[in-house]
2 protein chains.
Amino acid sequence: MSVINLISSCETCTQRWKNFQHLTKEELNLVNENRYEATFKPGETIIKQGSPTSNALFMASGMAKTYIEGLNGKNFILSIALPGRLIMGPGVYVDSRHTYSVAAITAVQACFINFEIFRQLIRINGAFAESLIEDISAKSQLTLNRMVSLSQKKMHGRLAEGLLYFADVVFKSDEYEMILSRQELGEMTNMAKECVVRILKELEDSKVIYSDSSKIRILDREKLIMISEKG
Amino acid sequence: MSVINLISSCETCTQRWKNFQHLTKEELNLVNENRYEATFKPGETIIKQGSPTSNALFMASGMAKTYIEGLNGKNFILSIALPGRLIMGPGVYVDSRHTYSVAAITAVQACFINFEIFRQLIRINGAFAESLIEDISAKSQLTLNRMVSLSQKKMHGRLAEGLLYFADVVFKSDEYEMILSRQELGEMTNMAKECVVRILKELEDSKVIYSDSSKIRILDREKLIMISEKG
DNA sequence: GTTTCCCGGTGATATATATCAATTATCAGA
DNA sequence: TCTGATAATTGATATATATCACCGGGAAAC
């Protein structure tokens, strides 16, 4: 992790969190003056679950995984963190601890913004506060959907859902590089890595996807969606 | 569902949401003037998933279940709604639809507060907005923990967790009336009703709990916690 | 009072999924 | 270029959990 400011200012940042649009020029300046940048190499931990929360995190470039370190050292991958999104667990407002860990998958350029500044802005700027509530609500909604999927769908459905998540949210393309290992894909869809391998193969055999271990291409999107929905 | 105002005002209400403490007298009055009461009989639907959100819900008395209607008509019980708590799903801020359904278990006296008023207060009162964020965050944190439990614990652990939830959160007592049917207990812990019956019996046989189908008494709390944590 | 339906309960069985053991592929250093 | 180390893959097996079929009881409906 090296610390050199590469981004000149929040004002000109192309990956800026869209909710910052509710801030006045002065308020945005306040954010800019209270941020620091850092870069991370693949595999490096950006945020450690349980550590005190002093900052809100944004990514300027790269990809990371957010995950909960659960029982018996088993991880549970929550999402792929992307540029332009706020990365801040609910723990900030509960016990001032990070609810989940974040680890870089590719090289990551990150911006940390002092949380006290953040909190201050929420108190003085109603529109900003509301936009934060919207952001949190959207995440919460996704988590609930996820919970229902995990408990009511079978493996095929969960894996299909995972593959569509990468296509629709992460890469916005039906062909992509699978940045997670089979093990991690299992941690995301709650299945053993062996099962991931097997079902991936089944999907390939039935011409729903093409896969060469690092690359995934969705061939029959209709069918993949059906598998995902039918469970 | 009958509509008669039984509670004289928010100001004197003993079951008032604690976050209302951040409101000024005038603001609280605004809330009071824009609420309406209703009572529900056991089994009645208070809120229907997917319907438009025009109100925030509070309960003055009684108990209800909040649940998501998932795939193939399978329900997923999220929590037991209790007096003094805000009952408002994230959908309010996402698509203006209720994310989950709420149904009365006992007789319920409820207060609906116009959501536009609520939204207005969030914009003008920073402390109130922050307290709402805290409330949402706490729920979000619980949901994440729940998701990890559901995916990493086995049936015994999940059921033990459920029993402790009733003891610690719902009734604040180690002896209580089980207000959910075995079927519903299964919808809460993600297991078939037959399995609920069997494991409940196992717990009774090993003297961890006493149970006579409608009553539950925790006999060995230490052990129950251990089962819950070990998975 | 009878009927109906849902709930609790039980045993047998089917199914989904995890685990184990072993083999091959891949890739970053030395 | 070799060489561990790690990941992908495979088949066989074990385990957790769901489903099915059935019974009896009680509460609500007729």
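Just so we're on the same page: letters track the sequence lines, and every chain starts at 1.
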Engineer: Strictly below 4.0 Å, N to O, side chains only: are A:Lys65 and A:Glu184 in salt-bridge contact?
Structural biologist: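 Result for this pair is yes, salt bridge flagged.
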Engineer: For the base of D:dG11, is there a side-chain donor-acceptor partner from A:Arg198 under 3.5 Å away?
Structural biologist: yes
Engineer: Can we call the ring centroids of A:Phe112 and A:Tyr36 under 6.0 Å apart?
Structural biologist: yes
Engineer: With hydrogens left out and only the distance checked, is there a donor-acceptor pair under 3.5 Å joining B:Arg182's side chain and the base of C:dT10?
Structural biologist: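 Absent.
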Engineer: Over how many whole Å does the gap from B:Gln183 atom CD to C:dG9 atom P extend?
Structural biologist: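 Atom CD in B:Gln183 sits about 14 Å away from atom P in C:dG9.
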Engineer: Between C:dT10 and B:Lys201, is there an OP1 or OP2 to side-chain N/O distance shorter than 4.0 Å?
Structural biologist: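 Yes.
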Engineer: What is the separation between atom CG on B:Asp205 and atom P on C:dG9, rounded to the nearest whole Å?
Structural biologist: 12 Å
Engineer: Carefully, step by step, assess A:Gln49 and A:Thr99 under the rule side chain to side chain donor-acceptor pair (under 3.5 Å).
Structural biologist: CA-CA 6 Å; A:Gln49 178 176 327; A:Thr99 307; over 6 Å; no
Engineer: Taking only residues two or more places apart in sequence or in another chain, which ones pass side-chain hydrogen bond (donor to acceptor under 3.5 Å, both in side chains) with B:Gln15?
Structural biologist: none
Engineer: When A:His156 is tested against each of A:Lys230, A:Glu202, A:Glu161 for side-chain hydrogen bond (donor to acceptor under 3.5 Å, both in side chains), which residue passes?
Structural biologist: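 Answer after filtering A:Lys230, A:Glu202, A:Glu161: A:Glu202.
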Engineer: Checking contacts here: which listed nucleotide (C:dG8, D:dT19, C:dA18) is nearest the side-chain heavy atoms of A:Ala192?
Structural biologist: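 Of C:dG8, D:dT19, C:dA18, C:dA18 is nearest to the side chain of A:Ala192.
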Engineer: So which of residues 143-163 of chain A are in contact with DNA chain C, with a heavy-atom cut-off of under 4.0 Å?
Structural biologist: A:Lys154, A:Met155, A:Arg158
Engineer: To the nearest angstrom, how far is B:Met178 atom CE from C:dG9 atom P?
Structural biologist: 12 Å
Engineer: Can you tell me the distance, in whole Å, between the CD atom of B:Glu187 and the C1' atom of D:dA18?
Structural biologist: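 So the two atoms are 15 Å apart, to the nearest Å.
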Engineer: Parallel, tilted or perpendicular: which fits the ring planes of B:Trp17 and B:Phe118, with parallel below 30° and perpendicular above 60°?
Structural biologist: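 Judged by the thresholds at 30° and 60°, the geometry between B:Trp17 and B:Phe118 is parallel.
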Engineer: If I take atom CD in residue A:Glu194 and atom P in nucleotide D:dA7, what distance separates them, rounded to the nearest angstrom?
Structural biologist: 13 Å
Engineer: Find the distance B:Lys193:NZ to D:dC22:P and express it as a whole number of Å.
Structural biologist: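 Those two atoms, NZ and P, are 14 Å apart.
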Engineer: Pick base, sugar-phosphate or nothing for B:Asn190, based on heavy-atom distances below 4.0 Å to the nucleic acid.
Structural biologist: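 The answer is sugar-phosphate, as B:Asn190 gets under 4.0 Å only of primed atoms, P, OP1 or OP2.
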Engineer: With a 6.0 Å cut-off on ring centres, are A:Phe115 and A:Tyr93 close enough?
Structural biologist: yes
Engineer: Taking atom C1' of C:dC7 as reference, at what distance in whole Å does atom CD of B:Glu184 sit?
Structural biologist: 11 Å
Engineer: Starting from P on D:dA28, measure out to NZ on B:Lys41 and report it in whole angstrom.
Structural biologist: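 Rounded to the whole Å, the gap is 14 Å.
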